[in-house]
Number of protein chains: 2
Amino acid sequence: MECKAIEYHIILEQFKDLLKQNGMKYTLQREIILKTLFENSTHFTPESLHRFIRDSYPNLNIGVATIYRTLGLLEKSDIISSISFGIQGKKYEFEQTHHDHLICDECGDIVEFLDKDIEKKQLEIAKEFGYKIVSHMMQIHGICPKCQAKLNEKE
Amino acid sequence: MECKAIEYHIILEQFKDLLKQNGMKYTLQREIILKTLFENSTHFTPESLHRFIRDSYPNLNIGVATIYRTLGLLEKSDIISSISFGIQGKKYEFEQTHHDHLICDECGDIVEFLDKDIEKKQLEIAKEFGYKIVSHMMQIHGICPKCQAKLNEKE
DNA sequence: GTCAGTGCAAAAGTTTTGCATACAG
DNA sequence: CTGTATGCAAAACTTTTGCACTGAC
């Protein structure tokens with residue numbers, strides 16, 4: 001917790017600097033969106049993030065447009081990243097160290113993981129085709145243990 | 001070429017059988033959609049596929065709804081598969097043997113590849129978390145050699 | 001003939017844009 | 001004060017649905 005709090009201030013300062021450098025303004029809406037993404041390891045869709053913030057800050061009355069605009073800004077600044085999880089649509093998450101996703105197709109549960117061998121292989125493949133790597137992502141879709149149990153019960 | 005022609009008939013027969021088995025009908029629209037996806041290794045969005053077919057068969061007058069309905073049907077039947085390529089949206093391709101994608105973020109070019117070591121690792125990871133694997137996918141985003149050259153010229 | 005499939009158009013979602021107002025710098 | 005950011009509502013897209021009609025079986 002302590003650790004996270006410190007990190008957050010660093011992130012916030014970086015964000016403020018970035019805004020200042022680009023002649024942009026630091027606003028309560030932008031901070032709340034950043035904070036919400038930082039504090040919740042959930043993967044938000046623009047719509048779910050909007051709902052979550054409306055519920056958490058009933059007095060704020062934040063608009064959808066602001067959500068979309070800020071998500072775009074944060075993503076372009078590499079502070080958050082987005083991935084499309086198939087039928088669940090595009091989701092955003094705070095950009096921590098890179099990791100991949102294991103997704104349950106039944107309940108939508110998401111496990112994050114990182115495998116060094118795979119990371120290394122990816123670099124090799126990009127090199128082989130002469131590509132300059134920008135990012136990479138991997139998703140494994142499956143059924144989580146809980147849902148497997150549930151499905152077995154039904155039979 | 002010869003080889004592809006033979007394969008296509010096999011696929012078409014399988015598709016017809018599948019339709020018959022489920023009390024569904026074999027229609028010209030369905031065949032043309034299947035054929036177009038089979039013959040073009042391009043990754044189509046519903047919209048680009050619609051446009052392509054309208055252009056290729058001006059007399060057919062196929063509706064968007066049919067495109068969406070048929071893509072859904074073909075995907076559910078594991079004849080084609082869909083992936084979301086970030087900003088480029090959801091795209092469909094003929095389901096060949098499994099492979100992954102290397103995508104140029106500049107020009108949208110897509111290279112397909114397969115790496116056995118990564119495939120093996122994915123199975124191990126799923127197992128580790130108790131997931132029953134359904135599918136998996138990997139995307140490496142980068143800049144292709146051509147675009148790298150173009151970008152260098154500009155400077 | 002029967003019933004699933006189609007095209008069309010309307011509806012439902014999702015994301016973007018224009019504009020007057022609010023508010024950070 | 002100035003000009004960027006916001007909320008709102010309209011617009012632009014994308015995808016789904018309802019329905020009368022067509023066409024496969």
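Every chain is numbered from 1, with letters handed out A, B, ... down the list of sequences. Because only heavy atoms are used, hydrogens play no part in the values below, and waters and symmetry mates are left out as well, while side chains stay in.
- Checking B:Leu28 against A:Leu19, the closest nucleotide of DNA chain D that is more toward the 5' end is the one next to A:Leu19.
- Each end of the helix from C:dG1-D:dC25 to C:dG25-D:dC1 gets its own axis, taken as the rotation carrying the C1' atoms of four end pairs onto the next four within a five-pair window, and the two axes meet at 30° to the nearest 10 degrees.
- Side chains of A:Glu93 and A:His43: a donor on one and an acceptor on the other come within 3.5 Å.
- For the pair B:Ser56 (side chain) and B:Phe52 (backbone), a donor-acceptor distance under 3.5 Å is present.
- Between B:Phe94 and B:Phe38, the angle of the ring planes goes over 60°, which puts this pair in the perpendicular group of the 30/60° scheme.
- The footprint of chain A on DNA chain D, defined by a heavy-atom cutoff below 4.0 Å, extends from D:dG3 to D:dC8.
- Distance alone, capped at 3.5 Å, is enough to place a donor-acceptor pair between the B:Gln139 side chain and the B:Ser84 backbone.
- A straight line from NZ of A:Lys20 to P of C:dG25 spans 8 Å, rounded to a whole angstrom.
- In the hydrophobic clustering of this structure, B:Ile140 groups with A:Leu123; members are Ile, Leu, Val, Met, Phe, Trp, Tyr whose side-chain heavy atoms approach within less than 4.5 Å, directly or through other members.
- Rounded to whole angstrom, the span from the CG atom of B:Leu71 across to the P atom of C:dT6 amounts to 12 Å.
- A residue-by-residue look at A:Thr27 and A:Pro46 shows that A:Pro46 has its nearest nucleotide of DNA chain C further toward the 5' end.
- Residues A:Ser82 and A:Glu75 have side chains that bring a donor and an acceptor to within less than 3.5 angstrom of each other.
- Cluster membership for A:Ile143 and A:Leu102, using ILVMFWY side-chain heavy atoms within less than 4.5 angstrom, is not shared.
- Taking atom NZ on A:Lys90 and atom P on C:dT16, their separation rounds to 8 Å, with Å as the unit.
- Between the side chain of B:His50 and the backbone N or O of B:Ile62 there is at least one donor-acceptor pair closer than 3.5 Å.
- The backbone N or O of B:Ser77 sits nowhere less than 3.5 Å from a side-chain atom of B:Glu95 that would complete a donor-acceptor pair.
- Residue B:Arg30 places at least one side-chain N or O under 4.0 Å from the OP1 or OP2 atom of C:dG5.
- Side-chain N/O atoms of A:Gln29 include none lying less than 4.0 angstrom from OP1 or OP2 on C:dC23.
- Contact of A:Lys25 with C:dC23 (side chain to base): no donor-acceptor pair of N or O atoms is detected under 3.5 Å.
- The cluster map of Ile, Leu, Val, Met, Phe, Trp and Tyr, joined by side-chain heavy atoms under 4.5 Å apart, puts A:Ile32 and A:Leu19 in the same cluster.
- Of all the residues in residues 52-66 of chain B, B:Asn61, B:Ile62, B:Gly63, B:Ala65, B:Thr66 reach under 4.0 Å from DNA chain C with at least one non-hydrogen atom.
- For the pair B:Asp115 (side chain) and B:Asp117 (backbone), a donor-acceptor distance under 3.5 Å is present.
- For A:Phe44 and C:dT14, the CZ to P distance is 17 Å, given to the nearest whole Å.
- The CG atom of B:Leu73 sits 14 Å away from the C1' atom of C:dT6 (whole-angstrom rounding).
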